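Every value quoted in this text rests on a predicted model; they were computed, and no experiment measured them.
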2 protein chains.
Amino acid sequence: MNTQPELIPHQGEACLASVKAVKDALYVLSGKWKLPLILTLSNGPLRFKEIQRALGEITPKILSKELKELELNEFVERKVFSTVPVTVLYELTPYSKSLDKVLDELRNWGLQHRQRIMHQPPIVSED
Amino acid sequence: MNTQPELIPHQGEACLASVKAVKDALYVLSGKWKLPLILTLSNGPLRFKEIQRALGEITPKILSKELKELELNEFVERKVFSTVPVTVLYELTPYSKSLDKVLDELRNWGLQHRQRIMHQPPIVSED
DNA sequence: GATACCGGTATCCTTTGGGATAGTAGTATC
DNA sequence: GATACTACTATCCCAAAGGATACCGGTATC
C-alpha cells in the first residue's frame with residue numbers, strides 16, 4: 001500500500017488534443033459580453049452606438065475589443081457605409097449559426113444543473 | 001436615414017434566462033484546470049499528490065480550490081480512508097458523465113473551428 | 001532528534017479581464 | 001466658433017484568477 005509509484009503517465013495525445021479543442025470552443029464564448037452580444041445581433045445588424053445602447057453598460061473600449069474578437073472568429077461581419085456620418089453595421093455571419101447546437105447543449109445542461117444543485121443541496125457533514 | 005430611434009428593446013426574459021443558463025454551464029468548465037482535472041480523474045480515482053504529479057504544474061492551493069469546486073458541482077467525490085498516512089481519494093461521480101455530451105459538442109466544434117480559422121485566413125484589407 | 005511523506009492552508013505577488021474617463025477625426029448644426 | 005453626433009482609441013485603474021513560497025499537524029523512518 002505504501003508503494004505508489006504508479007505514475008499514471010496517461011497524458012495521451014488524444015486527451016491533450018481534446019482539452020485543446022474544448023478550450024478553443026470555450027474561448028470563443030468566454031468573457032462577460034460575448035453571449036449577450038451574439039444574442040443582441042441575432043435580431044439583425046446594428047451600429048456601434050446602437051449595440052452600446054442595447055447592452056446598456058458596456059464601454060466603447062470593451063465593445064470594440066469584443067467585436068474584433070467576434071470578427072476574428074468569423075461570427076460577425078463589419079460593414080462600413082459612407083453615409084452622412086459614417087455608418088458601421090455589425091451583423092452575424094451564417095457561420096455564427098454553427099454555434100447553435102453547442103449553445104443549445106450548454107443551455108440545457110446549465111438549466112438542469114441549476115435545478116439539480118438547487119433542489120438537492122449537497123450532503124452536509126454532521127458534526 | 002438620420003432618424004434611428006429604433007431602440008430595439010428586445011431584452012426578453014427568455015433571452016436573459018438562456019444567457020444565464022449558458023453562463024452557468026460555462027462556469028463549471030471555466031478556469032485553467034477543470035478540464036485537465038476531469039480528464040485525469042476519468043482514468044480512475046487518485047490521491048491529492050497523485051493528481052498533482054499527473055498534472056505536473058499545479059500548486060496545492062489551486063488544486064485544492066479546483067477540487068472543492070468540482071465537489072460542489074457534484075462532479076467529484078472526496079473519500080477519506082484512515083490508513084497509515086491518511087489516504088484521500090478523489091473520484092468522478094456518475095453525474096459527471098452528464099457532461100459528456102456537452103464536452104463532445106464543444107470538442108467537435110472546437111476542432112472544426114480551428115480547421116476553419118487556420119485554413120481560411122480572414123480577408124486581409126489590401127492597402 | 002532530523003528528515004520525509006501526506007493533505008492540505010496562509011501569505012504574498014503577478015497577470016489578466018474588465019471598466020472609468022477622456023480624447024480623437026470628421027461632419028453638421030446653431 | 002461652440003456644440004453634437006458617430007466610431008472609435010488611449011490612459012489609467014481595480015478586482016479576480018492564478019501562482020510561488022512557506023508552513024502546519026500527523027506519522028514513519030533513519
query = Between C:dG7, D:dA28, D:dT6, which nucleotide has the shortest distance from any of its atoms to the side chain of A:Arg53?
reply = D:dT6

d(CD, A:Gln52; C1', D:dT6) in whole Å = 11 Å

ask   = Using 30° and 60° as the class limits, which term best fits the ring planes of A:Phe75 and B:His113: parallel, tilted or perpendicular?
value = parallel

ask   = Mapping A:Gly31 and A:Pro85 to their closest nucleotides on DNA chain C, which lands nearer the 5' end?
value = A:Gly31

ask   = What is the distance, rounded to the nearest whole Å, between atom CG of A:Leu55 and atom C1' of C:dG18?
value = 14 Å

request  = Rounded to the nearest angstrom, tell me the gap between atom CD in B:Glu71 and atom P in C:dG8.
outcome  = 9 Å

query = Of all the nucleotides listed (C:dG18, C:dG7, D:dA28), which has the minimum atom distance to the side chain of A:Ile62?
reply = C:dG18

message = For a quick test of reading the model: is some side-chain N or O of A:Trp33 closer than 4.0 Å to OP1 or OP2 of C:dG17?
response = no

key: Whichever of B:Ser30 and A:Val86 has its nearest DNA chain D nucleotide further upstream toward 5'   = A:Val86

ask   = In whole angstrom, what separates B:Leu63's CG from C:dT9's C1'?
value = 13 Å

remark   = Rounded to whole Å, the NZ-C1' distance (A:Lys49 to C:dG26) equals 14 Å

task = Please report, rounded to the nearest Å, how far the P atom of D:dG18 is from the CG atom of B:Leu67.
result = 14 Å

task = Please list, chain by chain and in numerical order, all residues satisfying salt bridge (Lys or Arg N to Asp or Glu O under 4.0 Å) with B:Arg78, sequence neighbours excluded.
result = none

task = State which residues pass side-chain contact (heavy atoms from CB on, under 4.5 Å) with A:Glu66; sequence neighbours excluded, sorted by chain then number.
result = A:Trp33, A:Lys34, A:Leu37, A:Ile62

ask   = A:Glu77: what forms a salt bridge (Lys or Arg N to Asp or Glu O under 4.0 Å) with it, not counting sequence neighbours?
value = none

query = Base, sugar-phosphate alone, or nothing: which one does B:Phe81 contact when heavy atoms must sit under 4.0 Å apart?
reply = nothing

request  = Output yes when at least one side-chain N/O atom of B:Arg47 is less than 4.0 Å from OP1 or OP2 of C:dC6, else no.
outcome  = no

ask   = OP1 or OP2 of C:dG8 sitting under 4.0 Å from any side-chain N/O of B:Tyr90?
value = yes

query = Does anything in residues 20-30 of chain B pair up under salt bridge (charged side-chain N to carboxylate O under 4.0 Å, His left out), and if so which pairs, sequence neighbours excluded?
reply = A:Arg114-B:Asp24

note = Against the side chain of B:Val88, the closest entry in C:dG8, D:dA7, D:dT21 is C:dG8

Show the distances under 3.5 angstrom between N or O atoms of the protein and N or O atoms of nucleotides 9-13 of chain D.
from	atom 1	to	atom 2	distance (Å)
D:dT9	OP1	A:Lys68	NZ	2.9
D:dT9	OP2	A:Ser64	OG	2.7
D:dT9	OP2	A:Lys68	NZ	3.3

note = Contacts of A:Glu105 meeting salt bridge (Lys or Arg N to Asp or Glu O under 4.0 Å) (sequence neighbours excluded), chain-then-number -> none

note = Taking five pairs at each terminus, the helix from C:dG1-D:dC30 to C:dC30-D:dG1 shows an axis bend, to 10°, of 40°

query = Thinking salt bridges, do B:Lys101 and B:Asp104 make one under a 4.0 Å N-O criterion?
reply = no

inquiry  = How many whole angstroms separate atom CG of A:Leu35 from atom P of C:dG17?
reply    = 17 Å

ask   = Atom NZ of B:Lys32 to atom C1' of C:dT16: distance rounded to whole Å?
value = 12 Å

task = List for me each residue that meets side-chain contact (heavy atoms from CB on, under 4.5 Å) alongside A:Ile38, sequence neighbours excluded, and say none if there are none.
result = A:Leu70, A:Leu92, A:Leu99

ask   = With A:Gln112, which residues qualify under side chain to side chain donor-acceptor pair (under 3.5 Å), at least two apart?
value = B:Tyr95

message = Let me confirm one number: the CG-CD distance from B:Leu46 to B:Gln52, rounded to the nearest 0.5 Å.
response = 12.0 Å

